[in-house]
Enquirer: 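Here it is, the structure, as structure tokens.
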Amino acid sequence: MTDMPVGERPQLAPPVDDSGVFGWIRKNLFSSWANGLTTVVLVVAVGWVLSWFLEWAVFTANFTAATGAECRGHGACWALIREKYRYIFFGSFPYEQHWRPLFAVIAMLAMLVLSADRRMWNWRLAVIWAVGSFVTFLLMFGQIHIPLSLVLFIALVVGAVGMSLRKGIGSPTEIMAYRVAAAVGLVGIVLRIAGVLPGWSLAIAPLSYVETGLWGGIPVTIILATYGLAFAFPYGILLALGRRSNLPLIKGLCVGFIELIRGVPLISLLIMASVMLPLFLPSGVTFDKFLRAQVAVILFAGAYIAEIVRGGLQSLPKGQFEAADAMGLNYVQKTTLIILPQALRVVIPPLINTFIGFFKDTSLVLIIGIFDFLNTANQALVDPNWAGFPGEVYLFAAFVYFIFCYSMSRYSKYLEYELNKGTRR
Amino acid sequence: MAVQAVGSAPRVKVAPWNDPVIRGWVFQIVVVGLVGLLAWYLVSNTMENLQRQKIASGFHFLEREAGFEIGDTMIAYSPASTYARAIFVGLLNTLKVAVLGVILSTILGTMIGVGRLSSNWLLARICEWYVEAFRNVPLLLWLFLFYKLISEAFPGPRQAISLLWNTVFLSNRGLYFPVPVADPIHAWMGLAFLVGIAGAWVLHRWARKRQDATGQPFPSILAGFGVALGLPILVWLLGGAPHHMSWPELKGFNFDGGTVIQPEFTALLVGLVLYTSAFVAEIVRSGILALHKGQSEAAAALGLSRSQSMRLVLLPQALRVIVPPMTSQYLNITKNSSLAIAIGYPDLVASINVTINQTGQAIENVLLIMAAYLSVSLSISAFMNWYNKRIALRER
Amino acid sequence: MAANAAHNLSNAASVITLRGVNKWFGQFHVLSDINLEVKEGERIVVCGPSGSGKSTLIRCINRLEEHQQGDIIVDGVTLSNDVKNIEAIRREVGMVFQSFNLFPHLTILDNLTLAPIWVKKMPKKDAEEVAMGLLTRVRIPEQALKYPGQLSGGQQQRVAIARALCMRPKIMLFDEPTSALDPEMVKEVLDVMIELAREGMTMLCVTHEMGFARAVADRVIFMDRGEIVEQNEPEEFFANPRNERTKLFLGQILHR
């Protein structure tokens, strides 16, 4: 028995060699013979590699050489990056106008960041994307022609969706407005296809025109990834809904399509797009090469997004569907108002991971000759004046990719944490 | 109110355009019709274009002479071989990379995944940085980096680095090392190996029965290894231990004899394995973390040793969580091997690309690519579905 | 309550001895100078508010937690970092957890026979006989070939008790065995534990079930903030708590 009354014993501090800095070192690095040995081996190995790397990359590196010959030596040649960074980042875009792709990149990043914010998940999202895309393409192309058929198509979609979404909720004038919009859109498109309606377009041309062949570097990578995801998202949702539908033909089509796309490598789709697309179209109609790559990325992304969304749909309790049906909602209302918001909230983290994956996958378009960021970096090595520094260029490119992807994955973790706040107690 | 007879509620008359069944079918027919219309449009354009550009149709091109060289072949091939053979060579190369990639990245990835959970802070952090570094950079970039490093860091054949007393040579044309000359004993050794595997399995069954009966455990895994490896060696010894080797020798501009691992293959395999291991590590780690802490405590409290509780309690449960995403990584390795075309390794896509360029028959060739990859991915999916059904935890 | 077997403990040997045991979680002093002696055949109930260290105490006994200072001696073996000692102790000490911790990928029978086969190296038939016998004792022999996911909580906990008993331990530790159960299943588990106590098993039980304490305990120990505040025979303990903190605690849990 102790000599001090119970309840008045002081809180003792833990033994010195078991807490504080020493304790931490002891527990985490030297808790057993094997552990201690591992620590020693790792410290030596890491130290050796790190010292070699720092020696090459920093202490004997050349930052200021003017030509390749000057730069040869033991250390890294970062002067090459200094010389060529504008080309690596922006490709063959006219030199003085590099502010245009820079701002286009900023616009797209802003669009993406805002899209992940739950407060924007309503009509605001459409506005953000419309404005952001307009700004992006105006900057990149310099001149935009808005064709009549696009306007008619938008009218048709808005009218059709509005009709079913607001059925029973909207006032008669509102429903009539949707009907009119859909009718105008449908009739207009049919007339356009039949050739009766001429191809009018609205031209907006404040800057000089830069064709897609001159685009290169980071803007290309981000455009392919962003618009790949943007268009793949709705079409992926449609595929996922179709795959879960009870109608056998629809389900079969969707399943077949999804499995087909997911079973083949992206390279084969890119080759298909660049080689087969010209065959599919009537002679004389050409497809911009950049657009071909974008279409391939969209088709590819959609199938993967479909599977992720399907997972989210499956995780919803059946009661949600039943309650929506019991309230008398039609399919469009049920899906857009009740099912999708919940399902999508659940799958945001995997969706962001998929976006990171596509961001990396855009590097494959170099196979069909599109100058994305990896390709421009590659091209920087081709200059005979600056030949022989693959390590520097690739490490630099890897670093840039790492910055983008790592920030996105940290953001995704942050989002996951925020989203789960509602479910944690 | 008259009481209705049970089970004979009258069918309510519904206008056809409101009947959900009819609406469903109409919707389907419309959609299929639209898709069919689109398909017809594309097909008719295609046929017209093919005719106009005088491109042949059908698969007869497979019998024609290929006329191009392939640098790295597993079977005999020459430019006089058919396109079919060229494509087959490409397919074998793809499979070679895929299988080796799967095995190596599973091993490396598991080690890194377990290392990340280690109690040694330094080891855990290094594994974590490895995973983050490889996951956030495109695979293609790693391939370019490794390929350029290998082909530019090593000297030409005439100044090749020689190792192991002038038997192994490392140059920018590849790693040359000696191999045994083909000998009939090798077929017997192969047979002995198969017999050894069967024997190991029989040994395992016998050991199990013995343990059930007497409780004595038997190291059947080690013994099985011994049998599977020992029998071929025994056969070799009995056959007089033939040891004629083919040595690589410098002849002219390159080496002759022995066998070679080329830089393209090395760069592709190394890049694929390092990249995929990062993802495998994450899968293994989340599988182990998914285990309830109480499981290892309960196993320990019962007196099971660390390795016993790993083997009997923890690993079976972790595998349930690990296997599905792992199989999709295996699928990814197979698909990612198609990046070989960027660094010049002659895989399936590369062979077919040359074929398209030479014959112009894009459609048939693309169909071949898709058929090949689809059969691999469908078989992996089928395996995974079967595995999932078999091991699903039974619940109320 | 009914007279618990006022069995004679005066000549029994000590099976668990704790001397000056201190444990810290980082800077937090979770066990403070614990001194305890458990005799063979003794049944002890440990109670106290959450965070008092009672679970940590019994988890230290079979080395699921490590103590930094002091000695713990179980069945004559001193607990240290020596793996052989730990394994020897765990063979004689059985544990039942709050969250049952049955192995979900094995049948009930396999759950029970796993340790006897691989640790005690029993032949399979003998292990299965022992297992079925114990399943009958906890009154669920018909569940032998089912999987844990197919059983109710009360059944799972009874299986967990049977699984610990399959190793024929000398001492049984219970870490809040009924806290995770629905109220209607608590009784079936407590009945099994009472039977076990009546057969003479040495038991150390952390629980809030005071009825159980009154029924079978030889000693009730109250812990608070890492210290053993008070210990006594159940009658005395509930009727005349001596320490202020004990009175406070009993007031909180015995208000029903």
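The figures that follow rest on heavy atoms only: side chains count, while hydrogens, waters and symmetry mates do not. Per chain, numbering begins at 1; letters A, B, ... match sequence-line order.
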Enquirer: A:L260, A:V275, A:I356: which one forms the most heavy-atom pairs within less than 4.5 Å of chain B?
Expert: A:L260
Enquirer: Among B:I369, B:N332, B:I126, which residue forms the greatest number of heavy-atom pairs with chain A at distances under 4.5 Å?
Expert: B:I126
Enquirer: Quick one: salt bridge (Lys or Arg N to Asp or Glu O under 4.0 Å) partners of B:E128, sequence neighbours excluded?
Expert: B:R125
Enquirer: With a 4.5 angstrom heavy-atom cut-off, which part of A:L249 approaches chain B: side chain, backbone, both or neither?
Expert: both
Enquirer: Going by ring pair (Phe, Tyr, Trp, His ring centres under 6.0 Å), name the residues that satisfy it together with B:Y130, two or more places apart in sequence or in a different chain.
Expert: B:F134
Enquirer: Side chain, backbone, both or neither: which part of A:I403 has a heavy atom under 4.5 Å from chain B?
Expert: neither
Enquirer: Answer with side chain, backbone, both or neither: which region of A:V46 has an atom nearer than 4.5 Å to a non-hydrogen atom of chain B?
Expert: side chain
Enquirer: For B:N365, is it the side chain, the backbone, both or neither that has a heavy atom under 4.5 Å from a heavy atom of chain A?
Expert: neither
Enquirer: Using a cut-off of under 4.5 Å on heavy-atom pairs, state which of A:L266, A:V43, A:I250 scores highest against chain B.
Expert: A:I250
Enquirer: Specify which of B:L141, B:L374, B:L140 makes the most heavy-atom pairs with chain A at under 4.5 Å.
Expert: B:L141
Enquirer: Tell me, for A:L253 versus chain B, whether the close heavy atoms (under 4.5 Å) come from the side chain, the backbone, both or neither.
Expert: side chain
Enquirer: Would you say that A:F257 contacts B:V35 through its side chain, given a criterion of any heavy-atom pair below 4.5 Å between the two side chains?
Expert: no
Enquirer: Looking at chain B, which one of A:D361, A:L381, A:N378 has the largest number of heavy-atom pairs inside 4.5 Å, strictly under?
Expert: A:N378
Enquirer: To the nearest 0.5 Å, what is the distance between CZ (B:F144) and CG (A:N375)?
Expert: 7.5 Å
Enquirer: To the nearest 0.5 Å, what is the distance between CD (B:Q28) and OG (A:S245)?
Expert: 6.5 Å
Enquirer: Which atom names give the shortest non-hydrogen contact between B:S377 and A:G263, and what distance separates them?
Expert: OG-CA, 3.3 Å
Enquirer: When only pairs under 4.5 Å are counted, which of A:S409, A:P248, A:A397 shares the most heavy-atom pairs with chain B?
Expert: A:P248
Enquirer: Kindly check if the number of other-residue, nucleotide or ligand heavy atoms within 6.0 Å of OH (A:Y411) is above 12?
Expert: yes
Enquirer: Show your working on side chain to side chain contact (heavy atoms under 4.5 Å, CB included) between B:N49 and A:F280 and close with a plain yes or no.
Expert: CA-CA 8 Å; B:N49 282 327; A:F280 285 158; over 6 Å; no
Enquirer: To the nearest 0.5 Å, what is the distance between OG1 (A:T38) and CG (B:N120)?
Expert: 5.5 Å
Enquirer: Under 4.5 Å heavy-atom distance to chain A, tell me which part of B:T46 shows up: side chain, backbone, both or neither.
Expert: both
Enquirer: Counting only heavy atoms closer than 4.5 Å, note whether B:Y147 contacts chain A via side chain, backbone, both or neither.
Expert: neither
Enquirer: Applying the side chain to side chain contact (heavy atoms under 4.5 Å, CB included) test to B:N136, which of A:Y401, A:Y406, A:F404 qualifies?
Expert: A:Y406
Enquirer: Considering only heavy atoms, which portion of A:I271 lies under 4.5 Å from any heavy atom of chain B: side chain, backbone, both, or neither?
Expert: side chain
Enquirer: For the backbone of A:R262 and the side chain of B:K335, can you confirm whether one donor and one acceptor N or O come within less than 3.5 Å of each other?
Expert: yes
Enquirer: Let me know if A:L364 has heavy atoms under 4.5 Å from chain B in its side chain, its backbone, both or neither.
Expert: both
Enquirer: Given the rule in the side chain to side chain contact (heavy atoms under 4.5 Å, CB included) test, do A:K360 and B:L139 qualify, once you have shown the distances and angles that lead to the verdict?
Expert: CA-CA 8 Å; A:K360 293 185 296 174; B:L139 173 59; over 6 Å; no
Enquirer: Counting heavy atoms not belonging to B:F27, are there more than 12 under 6.0 Å from its CZ?
Expert: no
Enquirer: If I measure from the heavy atoms of chain B, does A:N246 come under 4.5 Å with its side chain, its backbone, both, or neither?
Expert: neither
Enquirer: Under 4.5 Å heavy-atom distance to chain A, tell me which part of B:E48 shows up: side chain, backbone, both or neither.
Expert: side chain
Enquirer: Please state whether the side chain, the backbone, both or neither of B:L339 comes within less than 4.5 Å of a heavy atom of chain A.
Expert: both
Enquirer: Evaluate the side-chain proximity of B:Y373 to A:P265: yes if any heavy-atom separation is below 4.5 Å, no if none is.
Expert: yes
Enquirer: Just verifying a value: how many Å separate B:L123 CG and A:T39 OG1, rounded to the nearest 0.5 Å?
Expert: 8.5 Å
Enquirer: Where on B:V376 is there a heavy atom nearer than 4.5 Å to chain A: the side chain, the backbone, both, or neither?
Expert: neither
Enquirer: Looking at CZ of A:F402 and CZ of B:R135, how far apart are the two atoms once the value is rounded to the nearest 0.5 Å?
Expert: 10.5 Å
Enquirer: OG of A:S268 to CG of B:L348: how many Å apart, nearest 0.5 Å?
Expert: 9.5 Å
Enquirer: Test side chain to side chain contact (heavy atoms under 4.5 Å, CB included) on B:L149 and A:Y394 and set out the steps.
Expert: CA-CA 10 Å; B:L149 283 182; A:Y394 287 132; over 6 Å; no
Enquirer: Which pair of heavy atoms, one from B:A342 and one from A:I367, lies closest together, and at what distance?
Expert: CB-CD1, 4.0 Å
Enquirer: Quick check for you: among B:V349, B:L42, B:I356, which has the greatest number of heavy-atom pairs under 4.5 Å with chain A?
Expert: B:L42
Enquirer: Run the side chain to side chain contact (heavy atoms under 4.5 Å, CB included) check on A:I267 and B:I341 step by step: do they pass?
Expert: CA-CA 9 Å; A:I267 281 204; B:I341 195 175; 3.9 Å; yes
